[in-house]
Amino acid sequence: MDISNPQNKVALIAGPTASGKTALALHLAKSGNFIIINADSAQVYSDLPILSAQPTAEEQRSVPHHLFGYLDGVTPCSAARWAADARGVIAHAHATGKTPILVGGSGLYIRTLLDGIAPIPEVTLELRTEIRAMPVEQAYAALQHYDAPVAASLAPTDISRITRALEVVQSTGRSISEWRKSKTGGIGDSITLRPLLLLPPRDWLYKRCDNRFEMMMERGAVAEVEALLLRNLPQDAPVMRAIGVPEISAYLNGTLHRDEAIARGQIATRQYAKRQFTWFRNQAPIAWPRIELEINDSNSDNFETIFQ
RNA sequence: GGACAGGUGGCCGAGUGGUUAAAGGCAGCAGACUGUAAAUCUGCCCGGUUUUCCGUACGCUGGUUCGAAUCCAGCCCUGUCCA
C-alpha cells in the first residue's frame, strides 16, 4: 500500500455523451495531483480522435491522460480488456501518489472494472467470425440446441447476446450462465470510489448533441472517416460502427447529402445519449450521486467535493 | 386558363366499400443490459385513468350506401406538363 495515497481514491465522472464530463474532469483535474482515464468504448481507438470526441491534444497535455486513442481500429476492444488496462493505470497512479479520475459513458466498462466479470476464456477469432456470420434465426436455433435455457432467456432477435452465448458454449463447452456465476477482476472493494453521475436536462443535452456533431463535421470528421474507410476494416469492427462513421460514409459514397448525414449523425448521437441516460439512471448503484444540472464553467467548482 | 398526378395519424408511406384507430418505416417516450456496449434488444406511441369500452380521425363541404379513408359532386391546396 502506498503511504501517499492511503485511501486508493478513484474519482468517477460518468454520464451520457455531451453531458459535459470531459470539461468537468479537466477543470477539476487542474486543481491537484490527478490523472484522467478514459472510460468510453469508442475513445479508445486511435482512428477517431474527432468523431469519438477525445480531448484535444492540448487538453491532454495539460493533465496526464490515459487510455485515449491507445488501440488501433483493427483491435476490437472489450469490457474486460479495457478494465484490465484501466486497472493497470489506476495501480500505477496510486503507486505514484496520484488520484485517477475515470471519465466516460460506457456503463458496462465501468461496471466491469468495479465489479469484475465472468472469467470466460478468450474465444478464438475463427469461431467468433464464423458465428457472427450467421443470420439471427440460425444463430438462435443453434443456441437452442447447445444451450436451451439461455436461449429461452433471450429475445430470438437479440443477435448480439445470442452470438455471445453461442460462442461461449461452443468454445468452452459450458453455458454462459454457468460462467456468469462468478466474477473476477473487480477493484471496487479495494478502492475508495468517488462517483458522480451527470444526468442533465434532456433538452439541454440534446442541443449539445446536435451542436457537437456539427462541430465535428467542421473540424475534420469527414477526413477522419475517409482515412478510416481506406483501411478496409471489417464492417462490424467497433470503430466502424461508432456514431457518425456510417452516416459520414454514406455521405462520402454519395448515398446521403451532407445535410442529411449531419441530421442522421445528430439523431444517432441523441439516441445514444438517451440509452446511456437510461443505463446510468437505472443500472448505476443508487448510492451514486446524480447531478441533474446543466454543467458549465460557472458551476464546475461546486463538484470538487467529489474528491474529498 | 387547360391536362394529368396527388392531398392519410409528428414525418415518410400502405390501404381503393365492411374483418381499419387505419400495414410498414422514421422520429419520440419508457425499459432491458456481465467480454465488439457509440453494440444489441423489448414495450408504448390519436385522446379519455384499466377495458373485449367511449370519443375523435384519412384536405374541406355535401351526397350515395345498412356501412366510406376508400364511390359521386363541388370547393381548396400541392406537383408536373400544355398554353
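So that the names make sense, note that chain A is the first sequence line, chain B the second, and so on, each numbered from 1.
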Rounded to whole angstroms, how far apart are [atom1] on [X] and [atom2] on [N]?
X	N	atom1	atom2	result
A:Tyr140	B:C41	OH	P	14 Å
A:Asp115	B:C33	CG	P	13 Å
A:Glu122	B:G35	CD	P	12 Å
A:Trp279	B:A30	CH2	P	18 Å
A:Gln266	B:C26	CD	P	19 Å
A:Gln276	B:G31	CD	P	15 Å
A:Asp158	B:C41	CG	P	7 Å
A:Tyr272	B:C33	OH	P	17 Å

Would one find a side-chain N or O of [X] under 4.0 angstrom from OP1 or OP2 of [N]?
X	N	result
A:Arg164	B:C33	no
A:Asn282	B:A32	yes
A:Lys181	B:U34	no
A:Arg202	B:A30	yes
A:Arg111	B:A37	no
A:Gln271	B:G28	yes
A:Tyr206	B:C29	yes

Using atom types as modelled and distance alone, determine if a side-chain donor or acceptor of A:Asn296 lies under 3.5 Å from a backbone N or O of A:Asn299. yes
Using the [atom1] atom as the reference point in each nucleotide, state the distance between [N] and [M] in Å, no decimals.
N	M	atom1	value
B:G17	B:G10	C1'	29 Å
B:G9	B:A22	C1'	9 Å
B:C58	B:G6	C1'	14 Å
B:G63	B:A83	P	41 Å
B:G62	B:G2	P	26 Å
B:U78	B:C29	P	34 Å
B:U40	B:A57	C1'	37 Å
B:C72	B:G79	P	25 Å

Both distances below 3.5 Å, Watson-Crick or wobble geometry, any strand: find the nucleotide opposite [N].
N	value
B:A5	B:U78
B:A22	none
B:C29	B:G43
B:U56	none
B:C71	B:G63
B:U49	none
B:U16	none

Check this for me, if you would: do [X] and [Y] make a salt bridge, where the nitrogen-to-carboxylate-oxygen distance has to be below 4.0 angstrom?
X	Y	answer
A:Arg264	A:Glu247	no
A:Arg81	A:Asp85	yes
A:Asp47	A:Arg231	yes

Pick base, sugar-phosphate or nothing for [X], based on heavy-atom distances below 4.0 Å to the nucleic acid.
X	answer
A:Pro234	nothing
A:Leu51	base
A:Thr17	nothing
A:Ala268	nothing
A:Ile159	sugar-phosphate

When you measure from the side chain of [X], which nucleotide among [options] comes out closest?
X	options	value
A:Arg180	B:C29, B:G28, B:G35	B:G35
A:Arg270	B:G28, B:U40, B:U34	B:G28
A:Lys274	B:A39, B:G31, B:G35	B:G31
A:Arg275	B:A37, B:C29, B:A39	B:A39
A:Arg128	B:A39, B:C33, B:G35	B:G35
A:Lys183	B:C33, B:U34, B:A37	B:U34
A:Ile243	B:A39, B:A37, B:A30	B:A39

Is there side-chain contact between [X] and [Y], with heavy atoms separated by less than 4.5 Å?
X	Y	result
A:Met240	A:Leu229	yes
A:His92	A:Lys98	no
A:Val136	A:Pro156	no
A:His94	A:Pro100	yes
A:Leu228	A:Leu51	no
A:Leu113	A:Ile90	yes
A:Glu178	A:Thr172	no

Pick the closest RNA chain B nucleotide for A:Ala242 and for A:Gln283 by heavy atoms, then say which residue is nearer the 5' end.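 First, find each residue's nearest nucleotide; the 5'-ward one identifies A:Gln283.
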5' precedence on RNA chain B between A:Pro76 and A:Ser160 (nearest-nucleotide basis):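 This one resolves to A:Pro76.
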Short N/O separations, protein against nucleotides 42-44 of chain B, under 3.5 angstrom:
{"unit_1": "B:U42", "atom_1": "OP1", "unit_2": "A:Thr157", "atom_2": "OG1", "d": "2.9"}

Counting only heavy atoms from other residues, nucleotides and ligands, does the tally under 6.0 Å from OH of A:Tyr70 exceed 12?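 Enclosed.
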State whether the distance check finds a donor on one side and an acceptor on the other, under 3.5 Å, for side chain A:Arg161 versus base B:A39.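 Indeed there is one.
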